[in-house]
Undergrad: 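One structure, as C-alpha cells, below. Some questions next.
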Protein chains: 2
Amino acid sequence: MTKPKQNTLFVASLAKGLRILRAFDHTNTELSLATLAKITGLDKSAVQRLANTLHVEGMLDKDPVTRLYRPSHAWLRLAYAYYWSDPLVARAMPKLIDLSQRIGETVNLAELSGQDIIYAARLPCKRTIFAASVPGRSVPALSISAGQVIVATFPQQEREDAIHDWRLRAQTPRTTMDRAKIADQIEAAAQTGYAITYDQMILDEVGIACVIRGPDGRGCAAVHCSVSAHHWDDARIRTEILPWLQDTANAI
Amino acid sequence: MTKPKQNTLFVASLAKGLRILRAFDHTNTELSLATLAKITGLDKSAVQRLANTLHVEGMLDKDPVTRLYRPSHAWLRLAYAYYWSDPLVARAMPKLIDLSQRIGETVNLAELSGQDIIYAARLPCKRTIFAASVPGRSVPALSISAGQVIVATFPQQEREDAIHDWRLRAQTPRTTMDRAKIADQIEAAAQTGYAITYDQMILDEVGIACVIRGPDGRGCAAVHCSVSAHHWDDARIRTEILPWLQDTANAI
DNA sequence: ATCTAACGTATCATTATATGATATGTGCGA
DNA sequence: TCGCACATATCATATAATGATACGTTAGAT
C-alpha cells in the first residue's frame, strides 16, 4: 500500500492502528467504522479489525447502540505516563501553581514540538474557550508569544529558517500572517527574553511568554500567561504580570 | 504465543504495540529495548521492531545517545482528543474553574473508569505532590470520596458487589482497608450525596466529593476537592466548601 | 590497556498472520 | 414495504510479521 517507509523493522499493522487513534481530534470526537475508513484512507476490513483490536485492548470505547467508537480513559492514562516522563513538567508545576495564584490569571507551560507549541500544563483561572483550558493543544509556534520567545534563542541561521519555513495558520481574522512582522517580534524577544502577542488564537486575548532555556542555552519551553485585553492594558501587563512570569521562568 | 484472544478480527501486532506504550508509567519513564522486553514479556526482536515503528510514527522519542525511549508529545495530543470526546469535561470545565477560584483550593473532575476513579481534569491551587497535580491519575474507587459517592448511587445489589469485590490498595499507612467501614461511608454518602475521606492517598489530605449523575440517575462522575487537614477542620469544610461543591455538581 | 558481557543494530528464510473480497445480518429513512 | 448504508462474519491467499542469528558498539571489570 503506502510504500513501506522502512522494511523489516517497521510493523505496518501497528502504524495503521496508530492512524486509527490519530483520526480522533477536536472535530472527530466519535467515529463509525465507515467514517474511520474515510479519514484514515484504510480499507474497510482493516479498519474493522484494527478498531476491534483497540476496543478489546481498552483503547477505544464503543457505544453499544450507535456503534460509534470514542477515545477511552486509557488516553488519559497515557497522558499521565507522559507527565512523569517529562522532567520539565515536574519541575515547573509547583512554580506554575504559585504563579497562577499570585497573578490570578491563566498560566501555561508551553513546549516546543516540531514547528508547534504544545501546551503541556494549563492552570486556567478564568473561564475561557474549551480549547484554551485543556492541555495537549498545539498551535503554530511562530504565531504565539511562547513560540516566538523560543525561536528567538536559536542561532541566527536557524532562526531565519524557522521564520521563513515554519507553518502558519490564520486562527482568527487578526492572526499575523506577515512573516516580516513576526521576524521583528522575534528580534525583540531575543533582546528582552519575553514576548507579547495579541488576538493570535482568540480575539481579545493577550499572550505573554518568558523563555525557559535548556542546559545548552537553547530555548525549549516557555512560561505563558493568557489574559483578556478588556481587563488588562499594556502598562499593567508589564508591571503586574511580566516580572512574576520572568521570575518563574528563571526558577525552572 | 499468548493464545489469540479472538481470531481473525484481532490484530496481534497492534496489541503488542500497545503493550509497549503501556509499559511506560510513573515508575518507568524512559526505557531501553532490553527492559522494554522484560516488562512486556515480548521477544527481543519484536520489541525492537515495535519500538522502532512507534518511534518512526512519532509516538516515542528516542534519546540519540542513551538509546532510551520516552513518551512523545503525541501522548498529550491524544489526551487533547480525549478531552473533546468527553462531553462531561466540556460541560464541567468552566464551572470547575469558577469553583476553584471561589474556594481557592484544588478541585478535580473525577470519573469512574472500571473499578478506578480517574481524574479527568485537575485545577491545582496549592502546591502538592506531583501525582495530585496532573490529570490521568487513577486510584481504586472504593478508597476515595469521589468513588464512594458514585458507588452510592448504584442499586442495592450492585453496590454490595462493588464494596465486596472491587480493588483496594494501601496507598498510605492510613488507607482504609476495612470493607465494612467503607460500606458505612458509602451508605452515608447515599443519604447525603457527598462524602469526605481522610488520609487515603496522601497523609493529611482531606477529600470532599459530590456526585454527578448521568441521565439515568446513576452516578458517573464527581466533583472533588482536596484540601490539607492542617488548614481545614471538619466544620469549616462543611460550611465553606461543601455548599459550593454541591452547587457545582448539580449545575453540571 | 584488554577482555568480556550486555545491549543495540542488522539480516534472512520460513510460515504464521494479516489481508481484502465477499457474504450475511441489522437498522433506518424513504 | 422496500432499499440502502453500515456493521459483522467468513475464508482462501500471499504478504508481511516473526524470532533466530550474526554483527557492532559501548561500558565496566580485571
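Every chain is numbered from 1 and lettered A, B, ... according to where its sequence line falls, protein lines coming before strand lines. All figures in this text were calculated on a predicted structure; none of them were measured in a lab. Side chains included, hydrogens not; waters and symmetry mates left out as well; all remaining heavy atoms used.
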Undergrad: Could you work out how much the helix from C/dA1-D/dT30 to C/dA30-D/dT1 bends, comparing the axis of its first five pairs with that of its last five, to 10°?
TA: 40°
Undergrad: A/Leu50 has an atom CG; how far is it from atom P of C/dG20, in whole Å?
TA: 10 Å
Undergrad: Side-chain N or O of A/Ser13 less than 4.0 angstrom from OP1 or OP2 on D/dA17?
TA: yes
Undergrad: What is the distance, rounded to the nearest whole Å, between atom CG of B/Leu14 and atom C1' of D/dA17?
TA: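 From B/Leu14 CG to D/dA17 C1': 13 Å.
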Undergrad: Nearest whole Å is fine: how far is C/dA6 C1' from B/Leu36 CG?
TA: 16 Å
Undergrad: With respect to the phosphate group of C/dA18, does any side-chain polar atom (N or O) of A/Lys16 fall under 4.0 Å of OP1 or OP2?
TA: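 No.
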Undergrad: Parallel, tilted or perpendicular, judged at 30° and 60°: which one describes the rings of A/Phe130 and B/Trp84?
TA: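 Rings of A/Phe130 and B/Trp84: perpendicular, over 60°.
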Undergrad: Quick one: what's the B/S/- string for nucleotides 8-16 of chain C, heavy-atom cutoff under 4.0 Å, read 5' to 3'?
TA: BBB-B----
Undergrad: Is it true that the side chains of A/Arg169 and A/Gln171 contain a donor and an acceptor less than 3.5 Å apart?
TA: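 Note: A/Arg169 and A/Gln171 side chains meet the donor-acceptor criterion.
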Undergrad: In this structure, how many angstroms lie between the C1' atom of C/dG27 and the CG atom of A/Asp63, rounded?
TA: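 One finds 14 Å between C1' of C/dG27 and CG of A/Asp63, rounded.
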Undergrad: Carefully, step by step, assess B/His224 and B/Tyr119 under the rule ring-ring contact (aromatic ring centres under 6.0 Å, His included).
TA: CA-CA 9 Å; B/His224 175 264; B/Tyr119 293 106; 5.6 Å; yes
Undergrad: Whole angstrom is fine here: how far is it from CG in A/Asp43 over to P in D/dT8?
TA: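 To the nearest whole Å, that distance equals 16 Å.
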Undergrad: We want to know whether B/Ser138 and A/Arg77 form a side-chain donor-acceptor pair, criterion being a heavy-atom distance below 3.5 angstrom.
TA: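 Per modelled atom types, B/Ser138 and A/Arg77 side chains form a pair under 3.5 Å.
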Undergrad: Return the orientation label for the A/Tyr80 and B/His26 ring planes: parallel under 30°, perpendicular over 60°, tilted otherwise.
TA: tilted
Undergrad: Using the rule given for side-chain contact (heavy atoms from CB on, under 4.5 Å), can you reason through B/Asp116 versus B/Trp166, listing the C-alpha separation, both sets of side-chain angles and the distance that settles it, and then say yes or no?
TA: CA-CA 9 Å; B/Asp116 288 327; B/Trp166 281 14; over 6 Å; no
Undergrad: Can you find a heavy atom in the side chain of B/Pro135 that is under 4.5 Å from one in the side chain of B/Tyr82?
TA: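 With C-beta onward as the side chain, the pair stays apart.
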Undergrad: Tell me whether the guanidinium CZ or amine NZ of A/Arg70 lies under 6.0 angstrom from the six-membered ring centre of A/Phe24 and within 45° of its axis.
TA: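 Because its charged atom misses either the 6.0 Å distance or the 45° angle limit, A/Arg70 does not stack over A/Phe24.
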